[in-house]
Structures are given as C-alpha cells and as structure tokens.
Chemist: 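Below is a structure I'd like to ask you about.
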Amino acid sequence: MTSELAYLFRHALLRDAAYQLQLPGDRARLHALALESIEKLAGGRPREAASCCAENPSRFEPHPTDAFASDLAEHGRLARCGPGPDGMGVETGVLVSIQKLYLRRAAEHAERQFRFQEASRAWLELAELSAAAECGEFLRRAANSAQKSGQSRVARDLFERSISVLRRSGNRRLLSVALGNLGSCFMEIGQAGQAVSTFAASLASSRAARHRRLEGRALASLASAYHESGRARQAEHAFEQALKLLRKNRDRRAEGLATGNLANLLKQSGRPAMAERAYQHALKTVRSSGDRRSEGQILVNLANLFKHTGRPGLAENCCEQALAIHREVGDRRTEGVAHGILANLLQESGRLAAAEALYEKALINHRDVGNRLFEGIELSNLANLYKASHRPARAELAYAQALAICREVRSRRHEGIVMGNMAGLHAEHGDAAQAENEYREALAIHREVKNRLFEGTHLCDLATLFVGKRRFAEANRVWRAGARILGKMGDSRELAKKQDAMRDACERAGVRSTCLRTSHRSACSRRTRTPS
C-alpha cells in the first residue's frame, strides 16, 4: 500500500470529506452494498424475531451478524437517504424492516454483554421507528436498560413515556408490566409512596387483563413497597398471596425475588431463623432461573443478616460474592449497597480508615445512580463512624443530612434508625433531655413499622441514658424489654455491645450492674458509692 492510500484511510477528516463528495443517491447505494456484503460475510441475514408484544417472545438466539448489528442498522438507515428505491432494488419499506431487525439484535446483544447504555440507545432508536404498543414496549425496554446502567432518573422518564403510549394503545398486559417497572424505579430512587400507588395501578391493570402471572408479580412488588413505607402487616399478607400465585404459575424468577423480599421483612420484624431459611430458598430459586442480578441482591441481604446475627466472616464472604456478581452484570446500584455493608463490617472490626474510604465510595455510587434512600443510609452509617472516631460536629451534620433525605423519600423505617442514632450522639455529649426525646420518637417509629431490631437496640440505649440520670426503676424496665428483643432477634454481637455500655454507665453512676447475659434480669441495682 502506498503512503497516499494509507493516509487516505487513516485520516478521519479527509475520509469524511471524500464521503460527503458522493451524491446522496450514490451514498445510499454504497450503504446498501455494504449492508449486503457484511451480511454475506457473516453467514446471511438472521430470521425475523417474534413480535416484542407477544406474551411469550422467543429467547434471543445469537447470530454471527450480532457483532456488526449496530453498523448494519446504520447502513440500513443511510441506505434510505437516497431518492426513491436505490440502485440495488431495495424498497424503502424493506430497508426500514432491515434497520429494525438489526437495531433489535444490537440492543439484545448489548444487553447480553452488559453494555446497558448502548442497549438503551438502540431500543430508543427502535421505538422511533415503531408505533402503538410496539413503540411503548421498546420505550419500556430502553428504560429497563437505562435503569440497569444506573440511570434511574432517565429510566423513570422513559417508563412514563412508555406508559403514556401503552395507555393509548389499549394493551393492558404490557401496561401492567411497564407500571410495575416504573414502581421498581420509584423504589430505587427512594419514593416508596409513589411506588405503592404505581404498583397498585399495575395490579389493577393485570387483573383487568386477567393475567394471573403478572398479578402475582404486581402483588409481590406492592408487598415490597408496603414494607418500605412502614406497612408491615399489609406487606406480609400481600407476600403470602403473591407467592401462592407465583408458585401456581411456576414463575421461578419472580418467586425467588418475592421470597428474598419476604426474608427482609422477616429479618426486620425479629424472625432471623425464618429469614435465613427464606434467603437460602430465594438464592436456590433465582440460581435455578439463571438470574445473576437477583442472586447478587439476595447475597447482599443475606450478608446483612449474617452481620446482625454475629457471623461477620460469613457476612464478608457474601459481600465479596455479591460484589463480583454486581461487577459482572453491571449492577451499580446494588454494588453501592454491598460496599456499604462491607464498610460496616470493616468498622465493626476496628478498621475505621478502610471503612470510611468504602463509605465514601458507596456514597459516590449512590449519588451517581440517583439512589437517594441509600445515600441517606450511607450518610447515617458515616455519621456513626464519625461518632466512634470522636468527630461529633461532623457526625451531627451527617445525621442531619441523612434525616432530611429519609423524610424527603418518606422512608419511615430509616427515619427512625437515624433519629435513634442521633439520640446516641446527643446522649454521649451531655444533652440528655434532647436525647430522651429523640429516643422516644425513634421508638414510636420502630413500633409503627415493626422494626424489632432497632426497637431493641434503642431501648437498651435509652435504659443506659436513664442510668446516667439515676432513674434506675425505668432503666431496669426498659433494659429488660430491649435485651429481650435483641435476644429473640439472635443479635448476640449487638446485645454484648449494649451490655458493655450498661456496665460502664452503672460504674459511672456508682451502682452495681447485675448479670446482663439474660434478658429477664435487671440492668442495675443500687449500691453504696465508694468514697473517693
């Protein structure tokens, strides 16, 4: 090859100038020729896929053209830019069909490669070439890919566009699916109230379509939203109904997800053994369905259970497995959650500097993907670390920011947790009156949302505060209630920490701490102070 030819093909500006010098009709014919040539080299044109609106669309079957699908779709688009049918005899309508064929393959191929932003762009372009229910379904798929790439707010807008198109099309089944996806998006960005109403609309649409499998999925999603918004009793009832429907319809993936979410509720309502069995069943179910993303999410929640039941080694192992899966599938949202749990484990083992760095990493991740709820949770965890490392001003600021976010997204459960942790900071720094008020407010929320773990934790903290105020009878009563809850929860590590704190408080108050190992024993009893 001569230097002139090498320069011609390597210099982008010169190449573009040469391209623009071609007449539009010639360019269109050249693109049609390029499309035909690539297809021949790659084994021919793949078969047309079943309609995306079919109830049970065929699974994606790889084809040698998939690596070039984006380029083939673009050649098809540009081949239409000439005046009328091109010189190769391809009608415009045929070229549109070819472009749609390769856009869909490009989108599905990109999803299989976990290139979700690329997939979302292809689905969007496909939606622009489509109408009615087909357009709405392609918009929904674009939104799904955007959500998987961590663009939750972009996904929300696309889901809303999809729903608007599907309402006009009259396709209730696809409308139910899109509403369910939008509800999940609201959950991810911490808008549990909007998620409840959206899942309820999805349930109504699935029932109107008389589609029992979708009804089961919508019920399971509604149950999760009830739980997140503090309606534990309604949540458990909805989970039970959903699981009956999902098992009857043999929807293994959805059954696994629903079982994992029910396990979250069981853990938080003080039934750790039942929760662990549910998590293990959920893991087995989603693995049998090949759902790696859900497997990673359930492993994160199981890690949290192991952490609270005093098994840090198992918790850390689950986090590492989950992080590997999240990176594999590109799930940045749950990767951030796993970083937060791992940071908490590091903090509990005394590795504060490493924990702080990981909390900061998790915060950046949550902010990048628009996960406001977990941004608030991580700020509260970081405040706990600042408190433990004697930085009260930074701790107070982080607690205040976390509390504002929890109220913004209407997460009563996490509002109660942050309020109780903030009370601990004020108790430690001498503002006993404010601390008591905050503990009482937090406990009211814990009881409202059935958060047994933190009810027990903050009851023990309040008892310790009462010892400092020399209100020993109240301290004994509150301690017994809190320690009994932690004992039933199986959180031996947390109970041991509270026992140590109570012993220290009794020592400072000049009273004798009785045996704190059993929850029915008193926390303290009067003794004569030894003269100094």
Side-chain angles (χ1 to χ4, degrees), residues 114 150 252-253 255-268 270-366 369 371 374 377-378 380-382 384-385 388 417 453-454 457 486 489-497:
F114 309 114
R252 295 283 285 167
R253 178 180 176 274
E255 180 193 343
L257 283 171
T259 305
N261 288 329
L262 174 60
N264 293 340
L265 185 151
L266 293 170
K267 175 175 76 72
Q268 290 160 15
R271 290 168 280 178
M274 290 176 67
E276 186 169 344
R277 288 194 296 273
Y279 281 133
Q280 296 292 1
H281 179 72
L283 271 177
K284 182 180 177 181
T285 306
V286 297
R287 281 169 177 160
S288 72
S289 70
D291 185 356
R292 292 285 281 166
R293 188 168 187 260
S294 298
E295 181 185 348
Q297 292 169 345
I298 293 166
L299 279 167
V300 167
N301 292 329
L302 182 58
N304 217 0
L305 175 71
F306 286 146
K307 179 174 78 71
H308 284 299
T309 51
R311 291 173 282 178
L314 286 174
E316 198 160 336
N317 181 259
C318 277
C319 275
E320 295 292 356
Q321 288 182 61
L323 281 167
I325 292 172
H326 301 326
R327 288 165 187 150
E328 171 196 324
V329 303
D331 186 353
R332 292 198 65 224
R333 180 184 184 276
T334 317
E335 184 182 347
V337 177
H339 278 140
I341 294 172
L342 194 53
N344 200 254
L345 289 166
L346 292 173
Q347 181 180 340
E348 289 192 355
S349 63
R351 292 170 280 178
L352 298 188
E356 186 170 346
L358 206 50
Y359 279 136
E360 294 285 2
K361 187 174 182 179
L363 266 176
I364 290 168
N365 199 308
H366 297 323
V369 302
N371 190 347
F374 273 87
I377 291 169
E378 235 58 84
S380 179
N381 288 334
L382 195 53
N384 293 341
L385 186 145
I417 294 169
L453 174 62
F454 277 90
T457 297
L486 291 179
M489 291 290 295
D491 198 337
S492 55
R493 175 172 291 195
E494 187 66 20
L495 182 55
K497 284 165 60 179

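The structure displayed is predicted, hence computed values, not measured ones. Quick note: residue numbers are just sequence positions, from 1.
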Chemist: What's the spacing between Cys318 SG and Leu283 CG if we round to 0.5 Å?
Modeler: 7.5 Å
Chemist: Just jot down the side chain to side chain donor-acceptor pair (under 3.5 Å) partners of Tyr359, sequence neighbours excluded, or say none.
Modeler: Asn344, Gln347
Chemist: Got a salt bridge between Glu316 and Arg351, using NZ or NE/NH1/NH2 to carboxylate O under 4.0 Å?
Modeler: yes
Chemist: Give the minimum heavy-atom separation between Val329 and Arg292, together with the two atoms involved.
Modeler: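 For Val329 versus Arg292, the nearest heavy atoms are CG1-CB, 3.9 Å.
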Chemist: Might you point out which heavy atoms bring Leu305 and Tyr279 nearest each other, and give the distance in Å?
Modeler: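 Reported closest heavy-atom pair: CD2-CD1, 3.9 Å.
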Chemist: At what distance, to the nearest 0.5 angstrom, does CG of Leu342 lie from NZ of Lys361?
Modeler: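 It is 10.0 Å, given to the nearest 0.5 Å.
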Chemist: Please determine, by modelled atom types, if Glu320 and Asn317 share a side-chain donor-acceptor pair under 3.5 angstrom.
Modeler: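 Asn317 and Glu320 do not have a side-chain donor-acceptor pair below 3.5 Å.
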Chemist: Quick one: closest heavy-atom pair of Ala263 and Ala278, and the distance?
Modeler: CB-CB, 3.6 Å
Chemist: For Cys319 versus Ala338, what's the shortest heavy-atom pair and its separation?
Modeler: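 Closest heavy-atom pair between Cys319 and Ala338: SG-O, 4.0 Å.
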Chemist: Please find the pair of heavy atoms, one from Leu352 and one from Leu385, that lie closest to each other, and give the distance.
Modeler: O-CD1, 3.6 Å
Chemist: What is the ring orientation for His366 with Phe374, classed by angle as parallel under 30°, tilted 30 to 60°, or perpendicular over 60°?
Modeler: tilted
Chemist: State, to 0.1 Å, how close Ala282 and Ile298 come at their nearest heavy-atom pair, and which atoms those are.
Modeler: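 Closest approach of Ala282 to Ile298, heavy atoms only: CB-CD1, 3.8 Å.
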Chemist: Sequence neighbours left out, what passes side chain to side chain donor-acceptor pair (under 3.5 Å) with Lys267? Give chain and number order.
Modeler: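 Per chain and number, Lys267 pairs via side chain to side chain donor-acceptor pair (under 3.5 Å) with no residue.
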Chemist: Return the set of residues passing side-chain contact (heavy atoms from CB on, under 4.5 Å) with Gln297 (not counting sequence neighbours), or none when no residue passes.
Modeler: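 Leu257, Arg293, Ser294, Asp331, Thr334.
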Chemist: Let's go through Arg311 and Glu276 carefully: what are the C-alpha distance in whole Å and the side-chain angles of both, what is the deciding distance for salt bridge (charged side-chain N to carboxylate O under 4.0 Å, His left out) to 0.1 Å, and is it a yes or a no?
Modeler: CA-CA 12 Å; Arg311 291 173 282 178; Glu276 186 169 344; 2.8 Å; yes
Chemist: If I take atom OG1 from residue Thr285 and atom CZ from residue Arg252, how far apart are they, to the nearest 0.5 angstrom?
Modeler: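 Reported to 0.5 Å precision, the distance equals 4.5 Å.
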